[in-house]
**Student:** 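Mind having a look at this structure? Questions to follow.
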Number of protein chains: 2
Amino acid sequence: MTRKPEPEVAPRPLTPVELELMHIVWRLGEVSVADVLAALPPERALAYTSVSTVLRILEQKGVVHSRKQGRGHLYSAVLPRDAYEAQSVRHLVETVFDGTPSALVARLVEAVPLSASDMDQLRKLLDAKGRKP
Amino acid sequence: MTRKPEPEVAPRPLTPVELELMHIVWRLGEVSVADVLAALPPERALAYTSVSTVLRILEQKGVVHSRKQGRGHLYSAVLPRDAYEAQSVRHLVETVFDGTPSALVARLVEAVPLSASDMDQLRKLLDAKGRKP
DNA sequence: CGCAAACTACTAAGGGCTTAGTTTCAAATC
DNA sequence: GATTTGAAACTAAGCCCTTAGTAGTTTGCG
């Protein structure tokens, strides 16, 4: 009967800095503190120790995993980006849109500038979803 | 040339309790502390003073306005719910979906259970938007 | 007018987030 | 093997959020 693996009901959203670093981890795969530091935009001058601290916090929260390598550590994501995106959308639907997904989309098409190709994309998404429910 | 009134570029998202109370303010219109307290679900037993404090913080942030009435104050929303919804969606698109709105919708249709009427709704939204760009 | 009730302002404590310095530890090099 | 070096752990300060108590003020009523 294969229990569906849904261990994360509603883990707290990542904080801004955590999310900022996670984007780098997701993009690069397995990274050292130095890698993350290097991947930050030039105007974002975090100290080495600050990045290190945040990565350690992320590990403590179970969002990343670390393995020892040479002098330092390599960090990689435990929480896939997909899963975090899903979690974020659900959270927004829940907290701001009264659990009504279409209300979110309604606001989106009204409040965010959408290109023609964006619109195409959306239509395709709905068609794909609609055909095999 | 009528300057477009867009004073709020990216105000901080409301905190969980702030949002919780704002939902009540948006729903009821103009409320006293006691009104808000009464509108909270029974299991959510906040102290009168806690509600009062949060409303005062909201006022300080410019999210609500208060006017004196009788013994106490009446609070009403300055930030309309629409605007906050828009702001929230934009924020999510920006911070989690790399500024790509269709990525959000893609994740939504995949990660949130959508009813048939939800799907209808969405299709209508897109059609309406698509016809007069 | 004076008192009781209601309401607000002040204050505070606990916890988490952000940032980063200091210290300690391990590794590479000579 | 000892020294240098670079990274991680520990620590901390500042700020905000949440919750609520206390004290002080206003108001309505007798």
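Bear in mind the structure is a predicted one, so any value in this text is a computation, not a measurement.
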**Student:** Which pairs, with at least one residue in residues 67-76 of chain A and sequence neighbours excluded, count as a salt bridge (Lys or Arg N to Asp or Glu O under 4.0 Å)?
**Tutor:**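 Checked against salt bridge (Lys or Arg N to Asp or Glu O under 4.0 Å) - neighbours excluded - the pairs reaching residues 67-76 of chain A are A/Glu30-A/Arg67.
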**Student:** Donor-acceptor pairs under 3.5 angstrom involving side-chain atoms of residues 101-109 of chain A: please list them, not counting sequence neighbours.
**Tutor:**
{"unit_1": "A/Arg107", "atom_1": "NE", "unit_2": "B/Glu85", "atom_2": "OE1", "d": "2.7"}
{"unit_1": "A/Arg107", "atom_1": "NH1", "unit_2": "A/Glu110", "atom_2": "OE1", "d": "3.3"}
{"unit_1": "A/Arg107", "atom_1": "NH1", "unit_2": "A/Glu110", "atom_2": "OE2", "d": "2.8"}
{"unit_1": "A/Arg107", "atom_1": "NH2", "unit_2": "B/Glu85", "atom_2": "OE1", "d": "2.9"}

**Student:** So, using salt bridge (Lys or Arg N to Asp or Glu O under 4.0 Å) as the criterion, who are the partners of A/Asp120 when residues are at least two apart?
**Tutor:**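 A/Asp120 satisfies salt bridge (Lys or Arg N to Asp or Glu O under 4.0 Å) with no other residue.
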**Student:** Could you check whether atom NE2 of A/His91 has more than 12 heavy atoms from other residues, nucleotides or ligands sitting under 6.0 Å from it?
**Tutor:**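 No - once you tally the heavy atoms of other residues, nucleotides and ligands closer than 6.0 Å, there are 12 at most.
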**Student:** Enumerate the protein-to-nucleotides 23-30 of chain D contacts in which both atoms are nitrogen or oxygen and the separation is below 3.5 Å.
**Tutor:**
none

**Student:** Answer yes or no: side-chain N or O of B/Thr53 and base N or O of D/dA20 forming a donor-acceptor pair under 3.5 Å.
**Tutor:**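 Yes, a donor-acceptor pair under 3.5 Å.
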**Student:** Among residues 17-41 of chain B, which residues get a heavy atom nearer than 4.0 Å to DNA chain C?
**Tutor:**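 When residues 17-41 of chain B is checked for heavy atoms under 4.0 Å from DNA chain C, the hits, listed by number, are B/Val33.
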**Student:** For A/Tyr84, what residues pass the ring pair (Phe, Tyr, Trp, His ring centres under 6.0 Å) criterion, not counting sequence neighbours?
**Tutor:**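 With neighbours one apart ignored, the set is A/Trp26.
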**Student:** For B/Tyr48 and D/dT19, is the shortest distance between a side-chain N/O and OP1 or OP2 below 4.0 Å?
**Tutor:**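 Answer no for this pair, as no side-chain N or O of B/Tyr48 is under 4.0 Å from OP1 or OP2.
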**Student:** Earliest and latest nucleotide of DNA chain C, 5' to 3', sitting under 4.0 Å from a non-hydrogen atom of chain A?
**Tutor:**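 Nucleotide range with atoms under 4.0 Å of chain A: C/dC17 to C/dA27.
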**Student:** On DNA chain C, check which nucleotide each of A/Ala45 and A/Arg12 is closest to and give me the residue with the more 5' one.
**Tutor:**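 First, find each residue's nearest nucleotide; the 5'-ward one identifies A/Arg12.
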**Student:** What pairs with B/Thr15 under side-chain hydrogen bond (donor to acceptor under 3.5 Å, both in side chains), at least two apart in sequence or on another chain?
**Tutor:**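 Result, side-chain hydrogen bond (donor to acceptor under 3.5 Å, both in side chains) vs B/Thr15: B/Glu18.
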**Student:** What's the separation between atom CG in A/Leu37 and atom OG in A/Ser50, rounded to the nearest 0.5 Å?
**Tutor:**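 One finds 9.0 Å between CG of A/Leu37 and OG of A/Ser50.
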**Student:** For A/Glu94, enumerate each residue passing the salt bridge (Lys or Arg N to Asp or Glu O under 4.0 Å) test, keeping only those at least two apart in sequence or located in another chain.
**Tutor:**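 Once residues adjacent in sequence are excluded, A/Glu94 has no partner under the salt bridge (Lys or Arg N to Asp or Glu O under 4.0 Å) criterion.
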**Student:** Which pairs, with at least one residue in residues 96-105 of chain A and sequence neighbours excluded, count as a salt bridge (Lys or Arg N to Asp or Glu O under 4.0 Å)?
**Tutor:**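 Every pair satisfying salt bridge (Lys or Arg N to Asp or Glu O under 4.0 Å) with a residue in residues 96-105 of chain A: A/Asp98-B/Arg81.
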**Student:** List in chain and number order the residues that pass side-chain hydrogen bond (donor to acceptor under 3.5 Å, both in side chains) with B/Ser66, two or more places apart in sequence or in another chain; answer none if no residue qualifies.
**Tutor:**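 With neighbours one apart ignored, the set is B/Glu59.
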**Student:** Nearest whole Å is fine: how far is D/dT18 C1' from B/Arg56 CZ?
**Tutor:**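 That distance rounds to 14 Å.
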**Student:** When the distance from CD1 of B/Ile57 to P of D/dC17 is rounded to whole Å, what number comes out?
**Tutor:**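 Spelled out: CD1 on B/Ile57 to P on D/dC17 is 7 Å.
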**Student:** Can you find a side chain N or O atom of B/Lys61 that sits less than 4.0 Å from OP1 or OP2 on D/dC16?
**Tutor:**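 Answer no for this pair, as no side-chain N or O of B/Lys61 is under 4.0 Å from OP1 or OP2.
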**Student:** Among pairs that include at least one residue of residues 32-45 of chain B, which meet salt bridge (Lys or Arg N to Asp or Glu O under 4.0 Å), considering only residues two or more places apart or in two chains?
**Tutor:**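 Listed once each, the pairs are B/Glu20-B/Arg44.
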**Student:** D/dT18, D/dA8, D/dT19: which one has an atom nearest the side-chain heavy atoms of A/His73?
**Tutor:**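 Of the options given, the side chain of A/His73 lies nearest D/dA8.
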**Student:** On the nucleotide D/dA20, are OP1 or OP2 found under 4.0 Å from the side-chain N or O atoms that B/Ser50 carries?
**Tutor:**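 Yes.
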